[in-house]
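Presented below is the structure to which this report refers.
We count ligands from 1, going down the list as the structure has it; atoms in each ligand are counted the same way. Treat the numbers as computed from the prediction; the structure is a model and nothing was measured.
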Amino acid sequence: MGVRDVASYVAGQWIGPDDGAREIASALNGQVIARAGHSRLDTQAMLDHARTVGGPALRAMTFHDRARMLKALALHLDAHKQPLYDLSFETGATQTDHLIDVDGGIGTALVFASKGRRELPDGHVYVDGEVEQLSRKGTFVGQHICTPRPGVAVHINAFNFPVWGMLEKLAPTLLAGVPAIIKPATATCYVSEAAVRILLDSELLPEGALQLVSGGLGDMLDRLTCQDMVSFTGSATTALKLRQTPALLENAVRFVAEQDSLNASILGPDVAPGTEEFDLFLREVQREMTVKAGQKCTAIRRILVPCAQVEAVIAGLRAALGQITIGDPRLEPPHTGALHMGALVSAAQRRDVLEKAALIGQEATRVFGDPDTFPTLGADKDTGAFVPPMLYHCTDPDGAQHVHHTEVFGPVSTVMGYRDLRHAADLANRGQGSLVASVITADLSVARDLALNIAAFHGRIYINNATSMAEATGHGSPLPHLVHGGPGRAGGGEELGGIRAVKHYMQRTAVQGSPEILSAITGTWVPGSTEETGPDHPFTRRFEELSIGETLHCPARLISSDDIDQFATFTGDTFYAHMDDAAAARNPFFPGRVAHGYLLLSFAAGMFVQPDEGHVLANTGLDSLRFMKPVTPGDSIKVRLTVKAKTRRTDAYGEVRWHVTLTNQTDEPVAEYDLLTMVAT
Ligand code: NAP
């Protein structure tokens, strides 16, 4: 390929590199393949464009509008991804690596799109948690809400996953309703630029929602204000430098960092050679050392094994790593299961890996891999950024420093023996905060002991054994559903983790006021606020005809001993508290024989339903059910049914959440729950 000009997308215009550009070399042969960067970038214009054009357009959309847009964007990228694969070979990555980067990124965006539709309202305010009762009579209550910040999210990404790294941040940002300016690492920015072009060409995004900086960020961080956010992935050194930008400190700009991590994998003391778990352990380490040539923030850097198993593990890993071929990533054998490793991203990265491996070598013996002598397939190891997998053995993990503190961002890992579980946990925690630790064990007490002792130092703990290994997602895979991040050295940030990630781009605010006021703000009925009476039974009305707060009061129904007897006979629930007056009275919760809670729910349904075929299509569940006071024979119950929230699901129907309260003859609440129904539009 010729030299590619990698452009930036600035305030609605593509701007090519100028005389301030940096050259980017192919990982495979060192030849210059692209250039990117600008001597002057109009960063203020980019920020203004995001804040005044992109932000308002995104905020005008509901969470569901944005989730639908995200899904369409991900599907569009999926349909146009081949050029991304083709380009990515130049970064040294194999097709297996592309699947993690490109398809993994698309999959992540799709999960966020789906979670956005299922877990966020079809509105503009996210209600965070329950209403807090702040007063005796309930006229003054509190509620946390999240609203999109009217600023811009600046995403600074590492070189290793130019597509996934972009989409895992972009998906929650867009879902939150916040525009993004993406700055990929220069070494692989040509892949990110191609992906951004595909996203913009789809015309699915509002103008200003997505801008791109290829090359340096200029003075953008100096111009950030209190509603902006920075999400950074990269080295701890860069993170430390950027965190100290005066404008970020002065304006308390939210700064989320994902940085270095010396992740450990621990072989349980219960696992011996010849078992399925032992082979699983070897496979996990082999994969984590070699996928993406070890340039993965979650890769296994430290291999902790019982002292008695050190020799067997080294022998097993030597055999496993000996099967790996290294060379031109395009030569990865298709679908044979054979493992092939491409190149590091650049000659500079190769130098960095060799220098840092040499530091590890001061404390540990290399037991596999020689960077001076190793065969390469279809590539020249002197011009390409190739290194072999290198395995070290450290016999003094307590005295060693580098093995716990120096992250070699390549296919390098160190085996260490541990004496007992306490020692294993101490060694894992010497990473001083990691993204992930894995434990391979079939012993529940080992799993519990290690989890409790290492959890505080880790963002994720991955436990695997023969029961789960066929379906397990792998030590090194961050999942959109679960938190990705870690304390201390790992940056102290959190990404992904489902809707948690969306909240990073929103402001959480405690709102206090009357129930009426909170209902008006959140669009969700709060008990105590006005109840409206509809023109007829709510079950006879369509989704859009129902209004929040619309309430049906049902007349009282007497509960008799016969009712309880019949319900017991019919259902088989003859629990003593419903059948035996004396036995029930000996129970501190009951005055004597009481009605079944499920009988009350069934009667309530009988009281509020409108039986004719109509617009209510299905009952899909109950939430937050509480029985508050026992009901005894002779009591009577009343039911109140109120439209609490509405969420459109498809063009044909939407979910109506009804708040149901059962009260007795003295108006004391006896049960409360949310009833979920699907109602035709
Ligand atoms: P890096 O050198 O720290 O660069 C990270 C990003 O910061 C790049 O986009 C880089 O841009 C940018 N950057 C550097 N100096 C900057 C400045 N003064 N102002 C604004 N931006 C600046 O890291 P890398 O070499 O790309 O990635 C490797 C490191 O990332 C490893 O240490 C690895 O542990 C870490 N990492 C962590 C995670 C995680 O999730 N925790 C994931 C992947 C990687 P340029 O490329 O233009 O310099």
Side-chain angles (χ1 to χ4, degrees), residues 6 8 17 20-24 34-38 41 43 91 100-101 104 154-162 164-166 168-169 181-193 212-224 230-245 247-248 255-263 292-299 301 344-346 348-353 356 385 405-410 412 431 433-436 458-460 476-478 483-497 501:
V6 188
S8 295
R22 270 161 57 186
E23 291 185 333
I24 304 166
R35 44 185 222 117
H38 315 270
L41 185 69
T43 51
T91 70
I100 298 172
D101 186 31
V154 178
H155 296 168
I156 303 176
N157 294 330
F159 68 78
N160 55 344
F161 287 112
W164 178 85
M166 176 177 89
E168 60 119 12
K169 291 188 175 87
I181 296 175
I182 297 174
K183 185 253 173 291
T186 304
T188 55
C189 68
Y190 49 95
V191 180
S192 310
E193 187 237 35
L212 175 74
V213 175
S214 300
L217 205 49
D219 60 357
M220 187 172 293
L221 298 188
D222 300 331
R223 298 173 182 275
L224 297 188
V230 178
S231 260
F232 171 84
T233 302
S235 64
T237 316
T238 310
L240 183 62
K241 188 165 129 198
L242 299 188
R243 275 180 201 279
Q244 298 172 26
T245 308
L248 303 192
F255 189 93
V256 178
E258 301 293 330
Q259 47 192 57
D260 302 1
S261 183
L262 284 105
N263 315 293
K292 202 68 205 177
Q295 301 165 114
K296 237 169 62 161
C297 54
T298 49
R301 308 289 177 204
L344 297 175
V345 75
S346 63
Q349 188 62 21
R350 183 171 187 272
R351 271 195 303 279
D352 187 64
V353 163
K356 289 186 174 148
H405 300 166
T406 303
E407 186 198 41
V408 188
F409 208 57
V412 180
S434 304
L435 296 171
V436 53
H458 293 85
R460 178 164 64 89
S477 302
V483 159
H484 171 57
R489 190 195 305 284
E494 272 188 4
E495 286 181 340
L496 304 178

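- Using a 4.0 Å cut-off between charged nitrogen and carboxylate oxygen, K169 and E495 count as a salt-bridge pair.
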Pair up each side-chain donor or acceptor in residues 214-221 with any protein partner under 3.5 Å, not counting sequence neighbours, and list the distances.
| unit_1 | atom_1 | unit_2 | atom_2 | d |
| --- | --- | --- | --- | --- |
| S214 | OG | A7 | O | 2.7 |
| D219 | OD1 | T43 | OG1 | 2.5 |
| D219 | OD1 | R223 | NE | 3.3 |
| D219 | OD2 | R223 | NE | 3.1 |
| D219 | OD2 | R223 | NH2 | 3.0 |

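- Protein neighbours of ligand 1 below 4.0 Å, counting non-hydrogen atoms: R22, I156, N157, A158, F159, N160, K183, P184, A185, T186, F232, T233, G234, S235, T238, K241, L242, E258, Q259, D260, C297, E407, F409, L435, H484.
- Cation-pi geometry between K356 and F409 is not satisfied (NZ or CZ under 6.0 Å from the ring centre, within 45° of the ring normal).
- A 4.5 Å side-chain heavy-atom check between V345 and T188 finds at least one atom pair inside the cut-off.
- Using a 4.5 Å heavy-atom cutoff, the side chains of T91 and V191 are in contact.
- Looking at N157 and K183, their side chains never bring a donor and an acceptor atom within 3.5 Å of each other.
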